[in-house]
Q: 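Questions regarding the structure given below will be posed in turn.
Throughout, protein chains are lettered first and strands after them, A, B, ... in sequence-line order, and every chain is numbered starting at 1.
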Amino acid sequence: MKEELFEIVDHPIQLENLIKKVESRNAGAITTFIGTVREWTKGKRTVYLEYQAYKPMAVKMLATIGEEIQSKWPNTIVAITHRIGHLDISDVAVIIAVSSPHRKAAYEANEYAIERIKQIVPIWKKEHWEDGETWLGDQLENVPYHDGKPHIKDEKDD
Amino acid sequence: MKEELFEIVDHPIQLENLIKKVESRNAGAITTFIGTVREWTKGKRTVYLEYQAYKPMAVKMLATIGEEIQSKWPNTIVAITHRIGHLDISDVAVIIAVSSPHRKAAYEANEYAIERIKQIVPIWKKEHWEDGETWLGDQLENVPYHDGKPHIKDEKDD
Amino acid sequence: MINVLLFAHLQEEAGQDRLEIDEEGMRVDEFKQMLEDRYKFTQLDQVMVAINEEFAFNNDLINSGDTVALIPPVSGG
Amino acid sequence: MINVLLFAHLQEEAGQDRLEIDEEGMRVDEFKQMLEDRYKFTQLDQVMVAINEEFAFNNDLINSGDTVALIPPVSGG
């Protein structure tokens with residue numbers, strides 16, 4: 001596999017590239033998730049977003065998610081690219097592509113990936129509204145981590 | 001909405017076209033499902049497939065699935081294109097694209113669409129193996145329909 | 001006259017993709033039985049019927065001018 | 001010397017994206033407390049710490065030469 005499966009980029013993401021990374025003669029199903037910048041959130045209008053990443057660690061954490069998926073759903077191939085920098089409404093922030101021989105795994109693994117991104121990948125979103133700006137905190141409404149770090153699964157968990 | 005959201009075509013399907021059909025400033029999530037021709041199924045090697053459709057009714061049934069989704073997951077936009085004719089290994093047979101303000105609905109509605117396609121859309125697959133060919137029957141292992149027709153949901157079901 | 005559309009294995013068994021049947025006022029289940037007797041179709045018990053592009057019940061009536069499609073178990077996707 | 005990386009609101013509060021701290025042998029929780037006292041960072045209770053690009057526990061030790069990143073609640077995706 002030549003191309004990088006897990007990337008943080010500062011330019012527009014090409015969906016076709018991600019599809020190519022996961023294509024396989026034994027895949028019967030490819031799912032993609034495309035996360036875009038939404039204009040309205042609970043009655044507030046977003047003008048643009050700014051994403052920041054701790055890039056080397058973010059790439060590592062994306063790869064960790066890939067390993068978790070490989071162990072939970074064997075025979076899947078996962079590719080994830082997250083964009084950072086200034087994003088306008090409708091711009092694509094993240095694409096997750098998963099291929100699998102069977103569709104159920106392709107859906108489940110894909111949804112697992114986006115949930116995990118929101119838990120463990122060091123990327124931050126600054127929301128610029130019409131009337132101000134904020135760095136968004138944890139959107140999962142998690143309780144604080146008891147031991148000071150999130151749970152990173154390893155194969156022993158499975 | 002100018003383009004057709006539900007299509008049966010006899011040429012390769014362009015993923016980007018389907019994305020364009022469902023894009024919206026209020027979509028935060030777009031999911032796609034890409035069904036491709038897999039080479040190996042339970043130890044048997046597929047050489048190519050042939051899909052046949054009862055085209056006008058298939059388009060109607062795809063639109064019915066779209067209506068079911070609109071009523072179950074409001075604010076989603078769905079587009080489905082199914083290809084028919086001769087398909088080789090790795091060719092794309094079907095693409096489902098769903099946009100939604102929130103990701104959960106985009107995943108659920110997408111998976112619902114592929115399940116319903118396999119229940120109610122008059123499309124048939126002829127599998128050409130190395131050593132023969134067959135029209136595939138119901139791959140869902142459903143019991144026969146008691147009243148002679150599948151359940152088509154309407155809004156009263158919800 | 002009933003216009004009958006055939007797909008998948010039924011099309012191959014009949015050697016054609018449509019039939020014209022000069023019957024009317026039959027129920028869907030009677031119509032299927034008549035086709036089975038006349039054309040020796042196999043697996044007709046698993047075949048659904050659509051009248052004018054809508055799935056039909058076993059006790060729906062088929063009228064002259066209707067287009068009746070025999071729908072074997074579908075396998076799209 | 002500890003190399004400290006700052007992101008999101010912490011970066012804005014400090015007015016810079018990295019600090020050099022001349023302490024060592026501290027535990028993660030002690031290190032956070034020291035930064036809070038010295039730089040008046042807010043919401044530090046919700047901030048995780050990574051040592052050399054790996055999430056660290058509160059009782060892990062920070063050694064000279066380590067790169068310590070303060071990780072506010074993430075909001076990617």
Q: Below 4.5 Å, heavy-atom pairs only: which of A:I114, A:I96, A:T46, A:V37 has the largest tally toward chain B?
A: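 Most heavy-atom pairs under 4.5 Å with chain B: A:I114.
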
Q: CG/A:N26 to CH2/B:W40 distance, rounded to the nearest 0.5 angstrom?
A: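 With rounding to 0.5 Å, CG (A:N26) is 8.5 Å from CH2 (B:W40).
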
Q: Could you state the interatomic distance from CZ (A:R38) to OG (B:S100), rounded to the nearest 0.5 Å?
A: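 Atom-to-atom, A:R38:CZ and B:S100:OG are 8.5 Å apart.
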
Q: May I have the step-by-step check of side-chain contact (heavy atoms from CB on, under 4.5 Å) for A:I19 and B:L15, ending in yes or no?
A: CA-CA 10 Å; A:I19 301 287; B:L15 178 57; 3.8 Å; yes

Q: Output yes when A:E115 and B:R103 qualify as a salt bridge under the 4.0 Å nitrogen-oxygen rule, no when they do not.
A: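 Salt bridge present between A:E115 and B:R103.
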
Q: Name the option with the most non-hydrogen atom pairs under 4.5 Å to chain A; the candidates are B:H102, B:E39, B:R25.
A: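 Among B:H102, B:E39, B:R25, the one with the most close pairs to chain A is B:R25.
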
Q: Side chain, backbone, both or neither: which part of B:E23 has a heavy atom under 4.5 Å from chain A?
A: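 Neither part.
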
Q: Report yes or no: does A:T36 contribute a side-chain atom to a donor-acceptor pair with the main-chain N or O of B:A27 at less than 3.5 Å?
A: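 Yes: the side chain of A:T36 pairs with the backbone of B:A27.
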
Q: Measure from the side-chain N and O atoms of B:Y107 to the backbone N and O of A:E108, and report whether any donor-acceptor pair falls under 3.5 Å.
A: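 Judged by distance alone, no pair lies under 3.5 Å.
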
Q: Given that the side chain runs from C-beta out, which part of A:S90 has a heavy atom under 4.5 Å from chain B: side chain, backbone, both or neither?
A: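 When you check distances to chain B, only side chain atoms of A:S90 fall under 4.5 Å.
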
